[in-house]
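Values reported hereafter were calculated over all heavy atoms of this structure, with side chains retained and with hydrogens, waters and symmetry mates removed.
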Amino acid sequence: MAERLGQFLAHATPGNLENIKISYTGRIASGKTDLIRNAAIAGIFSGADGGSTANRINAAAIAAERGIRIQEDKKEFTIGGAGSVLKIVLHSSQGDASASATVLHGNSPRLLSYDGIDIEAPLHGTLVAIRNHDVPGVVGRIGTILGEHSVNIANFALGRANSTQSHRVPQGQALAVVQIDVSKAASATAAVEALRKVEAIASVRLIELGKL
């Protein structure tokens, strides 16, 4: 889960990465977290530059070599249904990005929030992360475009910004994370390009996290 969360978030972080903050909440905070930390960092590097050599053993050392500062925070008390929550905040030269996740039923990594907005989605498979204006018709347009490119929707998660939740995503904007089934990579790429042409959509990212 940590590696997948780092990989997911790295795709949404432009600019040069300067600082990584990893927060552990709940039961996860009471144990040793070195491998979890390294898995998250390895995922970040993998998502950011693809051919990274970082792994669960050397990720922290590679971050230090690159001058990236690592901060960790642990809180054993948690509010809400999830027993253990991992949150990552990436600070780059162009701002911050954050996401949190948990593992449900012992084997299902789930995204819980993205840039401060609650949005539950699976953290596996092929995902399309979409930032759009919160106006009527966008969800239907997304579904239509994916269907036109023979891309099947496996899961569709939505979240919307408000003044108390997110500073990075302005009010009037929304987030969608769509898990898709794709038989041909070219179909997903073409669908993403078509989505980017929709006036109400601000950004689209295709993220491959692999199977469980």
Side-chain angles (χ1 to χ4, degrees), residues 1-76 78 82 84-103 109-119 121 123-124 126-131 159 161 165-170 173 175 177 192 196 202-210:
M1 179 269 284
E3 188 167 358
R4 291 169 187 268
L5 182 62
Q7 198 173 348
F8 174 88
L9 192 55
H11 283 271
T13 311
N16 296 319
L17 184 59
E18 298 172 352
N19 185 74
I20 300 171
K21 182 177 180 180
I22 304 173
S23 300
Y24 313 88
T25 304
R27 292 192 300 270
I28 192 175
S30 63
K32 293 183 178 181
T33 55
D34 291 1
L35 288 179
I36 299 173
R37 174 202 63 204
N38 280 12
I41 298 170
I44 292 165
F45 289 157
S46 174
D49 54 33
S52 172
T53 58
N55 55 45
R56 297 174 193 176
I57 304 301
N58 64 11
I62 290 177
E65 290 173 2
R66 297 186 183 186
I68 299 171
R69 190 175 166 211
I70 308 296
Q71 294 176 273
E72 293 181 271
D73 181 57
K74 295 184 178 184
K75 295 179 181 177
E76 293 188 31
T78 181
S84 294
V85 176
L86 183 73
K87 180 179 180 180
I88 302 175
V89 180
L90 303 184
H91 176 73
S92 77
S93 55
Q94 296 186 28
D96 293 349
S98 66
S100 65
T102 191
V103 177
R110 306 288 294 188
L111 182 71
L112 296 180
S113 71
Y114 178 29
D115 279 340
I117 296 176
D118 294 337
I119 180 168
L123 269 178
H124 61 88
T126 303
L127 305 179
V128 182
I130 302 167
R131 181 164 300 173
Q165 277 185 308
S166 176
H167 299 292
R168 187 166 186 250
V169 180
Q173 286 200 9
L175 299 171
V177 177
V192 166
R196 286 176 176 152
S203 68
V204 184
R205 293 182 177 88
L206 185 64
I207 304 168
E208 180 56 64
L209 296 182

Check: If you look only at pairs with a residue in residues 52-62, which of them pass as a salt bridge (charged side-chain N to carboxylate O under 4.0 Å, His left out), with sequence neighbours excluded?
Finding: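 Every pair satisfying salt bridge (charged side-chain N to carboxylate O under 4.0 Å, His left out) with a residue in residues 52-62: Glu3-Arg56.
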Set of side-chain hydrogen bond (donor to acceptor under 3.5 Å, both in side chains) partners for [X], sequence neighbours left out:
X      : value
Arg196 : Glu193
Asn58  : none
His91  : Glu18, Asp96
Thr33  : Lys74

With a 3.5 Å distance limit and no angle check, can you tell me whether [X] reaches the backbone of [Y] through a side-chain donor-acceptor pair?
X      : Y      : answer
Ser93  : Asn16  : yes
Thr102 : Val85  : no
Arg4   : Gly210 : yes

Calculate, to the nearest 0.5 Å, the distance between atoms [atom1] and [atom2] belonging to [X] and [Y] respectively.
X      : Y      : atom1 : atom2 : answer
Ser100 : Asp118 : OG    : CG    : 7.5 Å
Arg110 : His124 : CZ    : NE2   : 6.5 Å
Leu90  : Leu17  : CG    : CG    : 5.5 Å
Ile22  : Asp73  : CD1   : CG    : 11.0 Å

Would you say [X] and [Y] make side-chain contact, with heavy atoms under 4.5 Å?
X      : Y      : answer
Leu175 : Val177 : no
Asn38  : Ile57  : no
Ile88  : Ile20  : yes
Arg131 : Asp115 : yes
Gln71  : Asn19  : yes
Tyr24  : Leu86  : yes

Minimum heavy-atom separation for [X] and [Y], please, with both atom names.
X     : Y      : result
Phe8  : Leu111 : CZ-CD2, 3.9 Å
Ser98 : Gly116 : OG-N, 3.8 Å
Ile44 : Ala10  : O-CB, 3.2 Å
Ala59 : Ala42  : CB-N, 3.8 Å
Ile41 : Ala63  : CG2-CB, 4.3 Å

Next item on the list: Can you sort out the partners of Ala101 under side chain to side chain contact (heavy atoms under 4.5 Å, CB included), two or more places apart, ordered by chain and number?
Entry: Met1, Leu5, Leu123
Note to self: With side-chain contact (heavy atoms from CB on, under 4.5 Å) as the criterion, how do Thr25 and Lys87 come out once you've worked through the C-alpha distance, each side chain's angles and the decisive distance to 0.1 Å?
What the structure shows: CA-CA 8 Å; Thr25 304; Lys87 180 179 180 180; over 6 Å; no
